[in-house]
Every structure is written in C-alpha cells, then in structure tokens.
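For clarity, every value in this text was computed on a predicted model and none was experimentally measured. We count ligands from 1, going down the list as the structure has it; atoms in each ligand are counted the same way.
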Amino acid sequence: MKNTDRINPAIAAIPQTKRDAINAAIQRKKNLPNLAAGNPVMPMPKTITDRTMAFLSAGFVRYTDYYGFPELRRRLSEVLQSQWGIAANPESELLITSGIQEGLYVVMRTILQPGDEVLIPSPHYGTYFQNTVACGAVPIVVPLDEAEGFQPDIDRLARAITPRTRAIVFCNPSNPLGVVWPRAAIERIADLARRHDLIVLVDEIYRDFVFEAPPPSIAGLEDMRIRTFTFGGFSKTYMMMGLRIGFVAGPPALMPTVKKLHYCLTLCPSVIAQVAAQAALDCPVDEVRPVITEFLDKLQLLYRGISSLPGVRCVPPGGSFYIFPNFRAYSSDSMALALRLIEDADVITLPGSEFGELGEGFLRLSVCAPKADVEEGLKRLQVFFQRCARNE
Ligand SMILES: Cc1ncc(COP(=O)(O)O)c(C=O)c1O
C-alpha cells in the first residue's frame, strides 16, 4: 500500500485555501498595503495584557476544567443572556473552545454523518465548506445574489432542501460579504429550520462590528435553542486572534457529545487564553469601543473609494471588516486579478474564489491594516483601475 493510499479520502478532499498562492506571491515584494488580511495589526486592550502578564509571571500554567473555567462560563452565560438574548446554562450548554475554529469542527463532526447535506449560503467563510467535506458530508452551496444585497432568499434555500439536509451554517455579520442579515431574515431562517427540522450553526464573531445595533441571535427566537449552535469569539472584538479562544452555546441534548470530542482534541483550552478571555469580559468599554469605531470608519472609507471605481459594483457593508466588490468588468478570474494587483499595483487583495465558486469575479477587501495602509492601498487600486478603464 502506498503511504498516500492511507489518507482518509474525506480529509484529502478538503479544498486547499487560495491564501497559500497569495502568500507565495507576496514573498517577492516588501511592505505592500495589505487589504487581504482578516488579522488586525492592533494590540489587545491593556486591561487584558496586564491581567494575562500578571497571571503568567506567577508561573502556574496547569490544565484547567476541560470545558473552560467555570467562572468564565458563568460570566459568559450572563453576557449571552443580557446582550445576545440567549439563555445558555453555563454547565450544560456552554463550551470554551480554542477559537470558533475548533468549535465549528467539534460541532460539525458531532452532528454530521457521511452523505448528510449542509446548506451553505454562499459566497461563504471557507471553513464551513471544508469542515462539511472533512465529515464526509455534502456541502450544498445556495447562492446569495449581489443584486439582492447578498440577503438570503428563503425560497431558494427551501428548494435546496432534501431528505438528507441536516443543517444550515452562516455568519452574521458576514465574512466575506460585509453584510448584516436583519431580524426579518433571521426569523425566516428560523422558520425554515423549524419546518424542515434543521440544525442551525451561526457564527457571530463580527457581532460587535456593526454600523447599527447587532442583529438578533437566532438562538434567542422561540424554540430555536434546541436546534441552534451559536459560535462566539474573542479574537476580533479584543484583538486576541493568536490566543485562540472562543465559545459555543448549543442544545443541552447535544452538548455532552460535543464536549467528548473537544476533550479528545484539546483536553482543555489554553489557560493563558482563558485568563485573557475572562479579563476581556471585564474590559472597560472605552478600551474597546474606539478600536471598533476606527474599523467601521475605515470600512466606510474603503467602501466609498471602491464603489466609485469605474465599472466596479459593491454592496454597502453593514458591518464586519470586509467589503466584497464585483470586478467582473476587469476579470472573471479573481485569482489572476489578485496576483496581477500584487505584481502591477503593489497591493494585496484576496480573490473572491477563496469563498467558493460563487465568489468568482469578486475580491474580498479588508480594513485590518492601519488607516494609512488602507488609504494607500485604495489609492493604488484607484490608479490601477483608472488606467485599465482608460486603456479599454
Ligand atoms: C467568519 C469567521 N469565523 C471564525 C473565524 C475564526 O475565529 P477564531 O479566531 O475564534 O477561531 C474567523 C476568522 O477570520 C472568521 O472570519
């Protein structure tokens, strides 16, 4: 038997991220404005740094409660109740994970069997598709139409449902689309899930990055807690991406099994990250709010600049770090366009195809870089596309 014959075909089938090709292309260039990253360059708030450093300096870094500090779960449960409208028992319905990324994996692995189908409104965050494939399940991408502001079309979703459909997974606000689905859309998805007995996986990592009030959490709607997993994070709100800490709130009947898999995978979340997460919940609003405001200002600036480019369409963002403009007037191959932008315009962007085939012809642009870099990146895109438009 060849060594490669031993690889599980479901794992081999996980699509390769396109970020590798972009990263390879930028090796040859220095200090380009980065409009591709989802990894902000800001430090975490001082309250969190101080508490985490004080903890570390004592030198004790033992294993913790497998499912996260009980006190962290208790505090989170209060926050979920008061701010998200979700009643989650800290003992039986909350799990602290090594980022949402782990949470998505342990939940999808727990609820999906080979051949099950998962509805993924698309363009989508790549991990939803990758985890579905890793489980031997079948991703059913359901188009979100740019002309409809990337809002979900419930009839289109309903038509994609078969007897094998088990779940729907989406994020709100959206990475990569930058749009927010309002209460009416969330209510219609809840209704669909109830009618067709679907599990809902909702990723709310960008919940704090919104121009208006955050949309309601679907788990807070009537009868939805028993069929909803809500994923939340610390990575973005508190600039704690590299600490790897997040949480999942899920149905009490399913969480004990999710926890067994989590135990196999990580034993417990990093103790350092849990201390930081607990400090994050104590962090004064004025240490967090200005950074969020700065992100939203940069997002407006980028949106205005990009939507005024000749031939480029862009759905206005409602939140997140991203916009998802349509560059089909210039190229229907978004990877080729992103590579050309690195070579000829000295700016890094991410091809829309990273977010599924339905993202082809788009680029995802982000505002994780400092404001000066976002401005410079935008200027370079303006010069490049104006030149292209003149030469056509
Ligand atoms: C939509 C979405 N979900 C999850 C993650 C990963 O979250 P975490 O750092 O909590 O694993 C990201 C990171 O970019 C993301 O954009």
Query - Lys260 to Tyr263, cation-pi by 6.0 Å centre distance and 45° axis angle - result: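 No; the conditions do not both hold, so Lys260 does not lie above the ring face of Tyr263.
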Select one of side chain, backbone, both or neither to describe which atoms of [X] lie under 4.0 Å from any atom of ligand 1, heavy atoms only.
X	result
Lys236	side chain
Ile100	both
Phe231	neither
Arg244	side chain

How close does the nearest protein non-hydrogen atom get to [atom], and which residue and atom is it?
atom	value
atom 6 (C) of ligand 1	Gln101 OE1, 3.5 Å
atom 7 (O) of ligand 1	Ile205 CD1, 3.2 Å
atom 4 (C) of ligand 1	Asp203 OD2, 3.5 Å
atom 5 (C) of ligand 1	Tyr125 OH, 3.3 Å

Consider only side-chain N and O atoms of [X] and [Y], and report whether a donor and an acceptor are under 3.5 Å apart.
X	Y	answer
Thr230	Glu204	no
Ser353	Ser334	yes
Tyr206	Lys236	yes

Query raised in the report: Between Glu146 and Arg328, is there a salt bridge with N-O shorter than 4.0 Å?
Result: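 Glu146 and Arg328: not salt-bridged.
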Query raised in the report: Do Arg74 and Glu78 sit within salt-bridge range, that is, some charged N less than 4.0 Å from a carboxylate O?
Result: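 Glu78 and Arg74: salt-bridged.
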Report task. State which residue, out of Lys29, Arg340, Lys30, Arg28, fulfils the salt bridge (Lys or Arg N to Asp or Glu O under 4.0 Å) condition with Asp346. Result ->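 The single option meeting the salt bridge (Lys or Arg N to Asp or Glu O under 4.0 Å) with Asp346 is Lys29.
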Report task. Provide the number and element of each atom of ligand 1 under 4.0 Å from a heavy atom of Asn175. Result ->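 Every atom of ligand 1 under 4.0 Å from some heavy atom of Asn175: 1 (C), 15 (C), 16 (O).
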**Report entry** Atom indices of ligand 1 within 4.0 angstrom of Ser235 heavy atoms, with elements
**Finding:**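 Under 4.0 Å from Ser235, ligand 1 has these atoms: 8 (P), 9 (O), 10 (O).
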Query raised in the report: Got more than 12 heavy atoms from elsewhere within 6.0 Å of CE, Met53?
Result: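 Check fails, neighbour count at 12 or below.
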**Report entry** Gly233 heavy atom under 4.0 Å from ligand 1
**Finding:**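 Checking ligand 1 against Gly233, which is what was asked, there is no heavy-atom contact under 4.0 Å.
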